[in-house]
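Structure first, then comments.
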Amino acid sequence: MAASTLAATRRISFPLLDDVVVLADAAMKAGRPQRIVPQLVANLQGLLGNVGALPAELLRPHGRTLARRELYRSPAFDYRIIAITWGVGQSSPIHDHADTWGIEAVLHGELEVVDFRSVREYEALSELVPSGQHRLRAAEVIGLLPPHDLHACRNVGTRGPAVSLHVYGRHLEEVRSYVHLDGRLYRQERVRLKST
């Protein structure tokens, strides 16, 4: 890929990002999400054992909200690489990924990821139950394949921010988020995503 194309599609650059782009491009050649995701998870697990220093900008939370930074847009395959900085105790609501595949990796700190599944749908309401839990430390990666991509994340560290890296099969402009009402009942809302 030409350097001018790389410069036009990157916001923040660091050596690890170059390697993630190479691995993501290679995984995309697998064609189907059911092949892309496991290949990318396996390759990233090997790569992330030596994350190295992250740019200072990625270690800065964004006040009371998550800092979501787009790092790369693939001109050839249209996937996106996003970094999210989580302040101490910050969390996401339960959300899906708009019917696109993805991977989530922790670069710094530790995240708790709680998976959910829907047991019943009522128009804009859903009955959700937890279906699994992961504690992701630096260099750990999970894959997301719809419809099994419903989860909530939280920085469980007490000393500083956590930084996660996300690769999504396409640009996510909005996701479905779930607001807790009572017991296992949640209201669905469309939430527009913003990058800083």
Checklist entry - Under 3.5 Å, is there a donor-acceptor pair linking the side chains of D25 and Y79? => result yes

Checklist entry - With a 4.5 Å heavy-atom cut-off, do E70 and H171 have their side chains touching? => result yes

Next on the checklist: Within this structure, what is the CG-CG distance for the pair L16 and L165, rounded to the nearest 0.5 Å?
Outcome noted: 7.0 Å

Checklist outcome for this item: The reported gap from CD in E110 to CZ in R154 (rounded to nearest 0.5 angstrom) is 9.5 Å

Item to check | Minimum heavy-atom distance between E112 and R135, given as atom pair plus value | outcome: OE2-NH1, 4.4 Å

Next on the checklist: Tell me whether N155 contacts the main-chain N or O of Q90 through its side chain, where contact means a donor paired with an acceptor under 3.5 Å.
Outcome noted: no

Checklist entry - What's the spacing between D96 CG and R176 CZ if we round to 0.5 Å? => result 4.5 Å

Checklist entry - Between the main-chain N or O of E189 and the side-chain N or O of S177, is there a donor-acceptor pair closer than 3.5 Å? => result no

Item to check | Geometric class of the H97/H95 ring pair [parallel <30°, tilted 30-60°, perpendicular >60°] | outcome: perpendicular

Next on the checklist: Side chains of Y72 and R80, heavy atoms from C-beta outward: is any pair under 4.5 Å?
Outcome noted: no

Checklist outcome for this item: Rounded to the nearest 0.5 angstrom, the OG-CG distance for S164 and L136 is 9.0 Å

Checklist entry - Do R184 and L128 come close enough that some side-chain heavy atom pair is under 4.5 Å? => result no

Next on the checklist: So does L144 get a backbone contact from the side chain of D149, meaning a donor-acceptor N/O pair under 3.5 Å?
Outcome noted: no

Checklist entry - Of the options V106, I103, V113, which is the one that meets I142 in a side-chain contact (heavy atoms from CB on, under 4.5 Å)? => result V113

Next on the checklist: According to a hydrophobic-cluster definition based on side-chain heavy atoms being under 4.5 Å apart (Ile, Leu, Val, Met, Phe, Trp, Tyr only), do Y178 and V129 belong together?
Outcome noted: no

Next on the checklist: Side chains of F77 and I36, heavy atoms from C-beta outward: is any pair under 4.5 Å?
Outcome noted: no

Checklist entry - Taking the side chain as C-beta and beyond, is there a heavy-atom pair between R187 and L125 under 4.5 Å? => result yes

Checklist entry - Which heavy atom of V141 sits nearest a heavy atom of L48, and at what distance? => result CG2-CD1, 3.6 Å

Checklist entry - Say you draw a straight line from OG1 of T85 to CZ of R60; how long is it, rounded to the nearest 0.5 Å? => result 9.0 Å

Next on the checklist: So which atom in P161 and which in P61 form the shortest heavy-atom distance, rounded to 0.1 Å?
Outcome noted: CB-CG, 4.1 Å

Checklist entry - Is there a path of hydrophobic side-chain contacts, each under 4.5 Å between heavy atoms of I, L, V, M, F, W or Y residues, that connects V21 with V37? => result yes

Checklist entry - Sequence neighbours excluded, which residues qualify as side chain to side chain contact (heavy atoms under 4.5 Å, CB included) partners of H108? => result L54, L59, V163

Next on the checklist: Quick one, M28 and S74 - any side-chain contact, counting heavy atoms below 4.5 Å?
Outcome noted: no

Next on the checklist: Looking at R69 and E57, would you say the former's side chain and the latter's main chain have a donor-acceptor pair under 3.5 Å?
Outcome noted: yes

Checklist entry - How close do P33 and P38 get, heavy atom to heavy atom, and via which atoms? => result O-CD, 4.0 Å

Checklist entry - So do V20 and L71 actually touch side chain to side chain, heavy atoms under 4.5 Å? => result no

Checklist outcome for this item: When every non-hydrogen atom of S118 is compared with those of S126, the smallest separation belongs to OG-CB, 4.5 Å

Checklist entry - What is the distance from atom CG of L44 to atom CD of Q39, rounded to the nearest 0.5 Å? => result 10.0 Å

Checklist entry - Does the side chain of R159 reach to within under 4.5 Å of the side chain of V88, using non-hydrogen atoms? => result no

Item to check | Single-linkage hydrophobic cluster V156~W86, side-chain heavy atoms < 4.5 angstrom | outcome: no

Checklist entry - Could you give all pairs that pass the ring pair (Phe, Tyr, Trp, His ring centres under 6.0 Å) test and reach residues 116-138, with sequence neighbours left out? => result none

Next on the checklist: Do I12 and L47 land in one hydrophobic cluster if side-chain heavy atoms of ILVMFWY residues count as linked below 4.5 Å?
Outcome noted: yes

Checklist entry - H180: what forms a ring-ring contact (aromatic ring centres under 6.0 Å, His included) with it, not counting sequence neighbours? => result Y186

Checklist entry - V175 and L150: same hydrophobic cluster, using ILVMFWY side-chain contacts below 4.5 Å? => result no

Item to check | Exercise: identify the closest heavy-atom pair between H166 and I84 | outcome: NE2-CD1, 3.5 Å

Next on the checklist: Test side chain to side chain contact (heavy atoms under 4.5 Å, CB included) on E121 and Q188; report intermediate values, then the result.
Outcome noted: CA-CA 10 Å; E121 298 285 329; Q188 302 172 23; 2.8 Å; yes

